[in-house]
Amino acid sequence: MRTPSRGPGDDVMVSKAERKPLDHATIEPKWQRLWQQHGTFRARDEGAGRKAYVLDMFPYPSGAGLHVGHPEGYTASDIWSRWLRMTGVNVLHPMGWDAFGLPAEQYAIQTGQHPAVTTTANIATFKRQIQALGFSYDWDREISTTDPEYVRWTQWLFLQIWKKGLVYEAEVPVNWCPALGTVLANEEVVDGKSERGNHPVIRKPMRQWMMKITAYAERLLNDLEGLDWTDSIKAQQRNWIGKSEGAEVEFALAQGGGSIRVFTTRPDTLFGATYMVLAPEHPLVKAITTDAQRAAVTAYVEQSSKKSDLDRTDLAKDKSGVFTGAFATNPATGKPIPVWIGDYILASYGTGAIMAVPGHDERDFAFATKYGLPIVEVVKPTSGATTLPGAAYCEYGVSVNSGEFSNLQSAECKQRVTAWLESKGIGKGTVNYKLRDWLFSRQRYWGEPFPLVRCATCGVQPVPDSQLPVLLPDVPDYRPTEHGDPPLARATEWVKTTCPKCGGAAQRDTNTMPNWAGSCWYYLRYIDPKNTSAPFDPKKVAYWLPVDLYIGGAEHAVLHLLYARFWHKVFFDLGLVSTKEPFRKLVNQGLILGEDNEKMSKSRGNVVNPDDVVREHGADSLRLYEMFMGPLEAAKPWNTRGIVGVRRFLERAWDVFQRDVTDAPAPEAERRLVHKTIQGVTKGIETLSQFNTSIAKMMELVNDLTSREVQHRETLETFAKLLSPFAPHLAEEAWELLGHAPCVASQSWPTFDPALVKDTEVEIAVQVLGKVKARIVLPADADEKAHEAAALADEKVQAAIAGKTVRKVIVVKGRNVNLVVG
RNA sequence: GCCAGAGUGGCGGAAUGGCAGACGCGGCGGAUUCAAAAUCCGUAGUCCCUUACGGGGCGUGGGGGUUCAAGUCCCCCCUCUGGCACCA
């Protein structure tokens, strides 16, 4: 130990023998405790200066514990938060738990252990692991979606959405997953299998709670524009919303009255519609099928109803269908055209029926070719040859064979045909979206119960606010039932209740919410986590929103991020929040791969456990390494040697901090280096991506300082501040060693002097025809003429241009001189 | 197939249109050590010429182009990653 303790002004020397090794196991917990005790990272809910809301996607606390992927984004947001605080910004940086979900429930099914018990234990583990990394979260704002107080407000918010008429019950063909015993949202089904667990999913009609996200489709699409998100995520959301403009057209049935309504994006090809196809589930199928075709149609409908979505997709190449025996009239040509059914037509998109234009649609072309249906050309290319009759011509061009609409450009033809349909009252321009309403109920145990009761006389009634939260009952068995009744139905006493309206006997709804519900608004609860009279205080929300920076994985591109935006817009309409969008800037951290460059997984045996890394090298090393690997958003492979590299840097830095200190001003060369370091480190942070370059700059500084036995106080103090967002524990320890009271985290971020980051002398490359022939040293303030003169005076340059005429000289001051000779 | 992103040493990666390869890992050489580990110092893209000292060519997935100058800008192609995929 140093005695007496050093303070500014002292000039006490410390011999090399007294330097201590870097003992991360002691200093890291020490500062974590101190930050907590001092409330160093507490956010203020008001203030005149700048504010920043820096949010991490909160984790699902799994039994497996933290993964090295978690600290990647958390470290980046922590560096950002710590840096902002040091520049005087009031920062809200919270953490919590997305704790409802399937794994805890699957575990409960296997062991009988209540999910609440496992969840509590997992949260404790996650919290210990996250706290060991020294993140500057305001832990006073910690929340868990499973907390009864949180559930209460999730249910309350759900009821606001319900009261706004955006929740309805419908008998819909749902994605039923037999293995999970629940229905899933479209977003949760990937290639016909469940996103979680990869189990097969089949179509099954069930009565379900739906949320009208489609009512917000246009706003969800348009408001993407103003967001500072990556193109990739915006594109994914746009694709998912899937807006397409076109027209709906009525085709009258040839017999018996009635009509079939179709949606098309190409009304300009109406004259080329030579047949129609309905989805097998289309309600008109039964009515229009002729006796002669009935057997074939019934068999086909039955067959396709048994197919999973995956099976249907597999048949993409081989389209199938059956003729119904019915005919409809093409309103443009007046000709009768046959009506078929085929399972390449989706019941859930558009009207579930199409007009088939085989000349100008690949799918219709394949179908028509297979079944020998007529193909008519109604669009010709503006220039060049058509692909017909060998293949459908799907591009725009000029209309032909279209009566009064012939010889028009496709775009104009569309408008004219649509106008004509409207004037005849048999069609209109429409917009369609791929986005479907959000299937919001789950037949599972571990989720928020719906705060709704069913009364035989009053219908579905909301549970009054005073009775919230509706908490989960204990059940004897968490297993889902085969027929799709939720496990909550087993709690017969809990189900029995009274109607809030008439007081008569009523039943509780036994569905639970999907676990996206809690994550749809958690960023709002952090703002006011202890409010008992409302989910959050609108004044505080107005101060903190929007989230200025949101960091998380790209896997939530269309799930959480779309749902949360939807709820936020509803809250906006309800006057609960003041911004149209919740998350202004979004950054997706890249995947951390195993050492073998493959995705980390238990089965590959390439998983790195952060606990091991922290134990062996310390949290500062882990943080630093994760940032040093490369740009935040890139996928990067783990390398055990790499962490040794950053650990060495920290040890060297620690060694330098422990050396003798003098208050004498640092020599100019050193001051220049320090100011360049400030500039470089700051620049790296500001990119919010290339933290690796900030670290490289600090490494350069340390490499330089190591050569001096006596250090300058001003240099070390600045370095401690620069280091503190990255390796906060070591930085605090160094700050204390320099004789200061805690914390370096509360110091001001150093600024650089522009005059000091410019070198006095610069090396200039002299090129001849773009090839470097010589290097010359010039004063930094040398003008163009001086550059040119010095370049031409150089021997090597003279040799290179000997016998040639210098035609042009290009001078880039302080960089290079290029001689054009010939 | 469509949409988005990315291809730079042995590896991770740097580089406002202006000296490609910062920083780190690994390698090699040396110091230290009885020895090793650790640590420290030095070294290095590649090919060719030269005994050496030196010198020259080629180099950022491939091919074109713009420019005095291209990893960076434009066009075409290839490969990889992620997403969507019968959406009429």
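Order of the sequence lines fixes the chain letters, A, B, ..., with proteins taken first and strands second; residue numbering starts at 1 for each chain. Predicted model, so just to flag it, every value in this text is computed and none were measured.
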Parallel, tilted or perpendicular: ring planes of A/H360 versus A/Y393, cut at 30 and 60 degrees: perpendicular
P spacing across the pair B/A22 / B/C11, given as an integer number of angstrom: 15 Å
Euclidean distance, atom CG of residue A/L559 to atom C1' of B/C84 [Å, nearest integer]: 13 Å
Polar pair under 3.5 Å, donor/acceptor by atom type, side chain A/N239, base B/C84: no
Closest contact, heavy atoms only, A/G630 versus A/N692: CA-ND2, 3.8 Å
Cation-pi geometry met for A/K319 and A/Y344 (6.0 Å, 45°): yes
Within residues 778-799 of chain A: residues closer than 4.0 Å to RNA chain B (heavy atoms): none
Straight-line distance of A/H24 NE2 to A/R647 CZ, nearest 0.5 Å: 5.5 Å
Spacing between A/H617 atom NE2 and B/A38 atom P, to the nearest angstrom: 13 Å
Validation row, ring centre A/F657 to ring centre A/F719 under 6.0 Å: yes
Over all atoms of both residues, closest heavy-atom pair of A/E633 and A/S689: OE1-OG, 2.9 Å
Nearest listed nucleotide, side chain of A/N703, among B/G18, B/C84, B/C23: B/C23
Side chain of A/E700 (C-beta onward), nearest among B/A22, B/A88, B/C25: B/A22
Aromatic ring proximity, centroids under 6.0 angstrom, A/Y275 and A/Y371: no
Sequence neighbours excluded, every pair satisfying side chain to side chain donor-acceptor pair (under 3.5 Å) that has a member inside residues 588-597 of chain A: A/E595-A/T640, A/D596-A/N606
Sugar-phosphate, base or nothing in reach of A/K813, heavy atoms under 4.0 Å: nothing
Nearest-Å distance for atom pair CG/P, residues A/D231 and B/U81: 21 Å
Detail all sub-3.5 Å separations between protein N/O atoms and N/O atoms belonging to nucleotides 14-17 of chain B.
residue, atom, partner, partner atom, Å
B/A14, OP1, A/Q690, NE2, 2.9
B/A14, O5', A/N692, ND2, 3.4
B/A15, OP1, A/Q690, OE1, 3.3
B/A15, OP2, A/Q690, NE2, 3.1

Base orientation of B/G56, syn vs anti, 90° cut from 0: anti
Side-chain ion pair, A/E218 and A/K243, N-O less than 4.0 Å: yes
Residue whose closest nucleotide on RNA chain B lies nearer the 5' end, A/A635 versus A/K808: A/A635
B/C86 base / A/K319 side chain donor-acceptor hit below 3.5 Å: yes
